Amino acid sequence: MSLQILTYKHFFIKAPIVSLSGQPSILFDGKQANLLEALEYKKVKVFSECRNGFCGACKTKIISGKVSYLTEPLVELEQDECLPCCCIPQTDVDLELAPISNSIHRVKNDSPSTSPSTTHLYPEKV
């Protein structure tokens, strides 16, 4: 009888911590499908119209960290932005959530009559 040593083929990976403006808020353990669902599950108010057919409403600034996308975003994003509805954190991530009443959205736009990649669909409320 030979002695077999059991080894793990996969390394244990630490679940990313999601912080909101520097305050650790969520341990993203993969129980929710994406970052938006994880935030909503923890009762974090995030403006989104994803379920109503409008993409880009949940656009969020990334202060630090990296995310990966489950599906290709339908809106243009700056280097420091993400769409929580279709991404998951790859590393610990710190997000800056905009107040819901100040949401401004940009959709992909090839029209030369507007500034590149910027179309305001909802103006800021005063």
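All figures in this text were calculated on a predicted structure; none of them were measured in a lab.
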Distance-minimising heavy-atom pair for [X] and [Y]:
X     : Y     : value
Glu49 : Phe47 : OE2-CZ, 3.6 Å
Leu36 : Cys50 : CD2-SG, 4.0 Å
Cys85 : Asn34 : O-ND2, 2.9 Å
Asp29 : Ala15 : CA-CB, 4.2 Å
Pro16 : Thr91 : CB-O, 3.3 Å
Thr60 : Pro84 : OG1-CG, 3.4 Å

Roughly how far, to the nearest 0.5 Å, is the [atom2] atom of [Y] from the [atom1] atom of [X]?
X     : Y     : atom1 : atom2 : answer
Glu37 : Ser48 : CD    : OG    : 10.0 Å
Glu96 : Lys61 : CD    : NZ    : 6.0 Å
Gln90 : Tyr69 : CD    : OH    : 11.5 Å
Ser25 : Asp94 : OG    : CG    : 8.5 Å
Lys59 : Glu78 : NZ    : CD    : 7.5 Å
Leu35 : Cys58 : CG    : SG    : 9.0 Å

Counting neighbours of NZ on Lys14 that are heavy atoms of other residues, nucleotides or ligands and sit closer than 6.0 Å, is the number greater than 12?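 Correct, the count exceeds 12.
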
Answer whether the closest heavy-atom distance between the side chains of [X] and [Y] falls below 4.5 Å.
X     : Y     : answer
Ser19 : Ile63 : no
Leu97 : Lys45 : no
Ile17 : Leu27 : yes
Val75 : Leu77 : yes

Starting from the C-alpha separation in whole Å, work towards a yes-or-no answer on side chain to side chain contact (heavy atoms under 4.5 Å, CB included) for Leu74 and Cys86. CA-CA 10 Å; Leu74 298 176; Cys86 60; over 6 Å; no

Taking Phe54's backbone N and O only, do any of them form a donor-acceptor pair with Asn52's side chain (distance below 3.5 Å, no angle check)?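 It does not hold such a pair.
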
Between Asp80 (side chain only) and Ile62 (backbone N and O only), is there a donor and an acceptor less than 3.5 Å apart?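 Here the side-chain-to-backbone pair does not exist.
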
Out of curiosity, does Leu83 fall in the hydrophobic cluster containing Leu70 (side-chain heavy atoms, cut-off under 4.5 Å, transitive links)?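 Yes, one cluster joins them.
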
Full working for side chain to side chain contact (heavy atoms under 4.5 Å, CB included) between Leu39 and Leu20: CA-CA 10 Å; Leu39 290 166; Leu20 302 174; 4.2 Å; yes

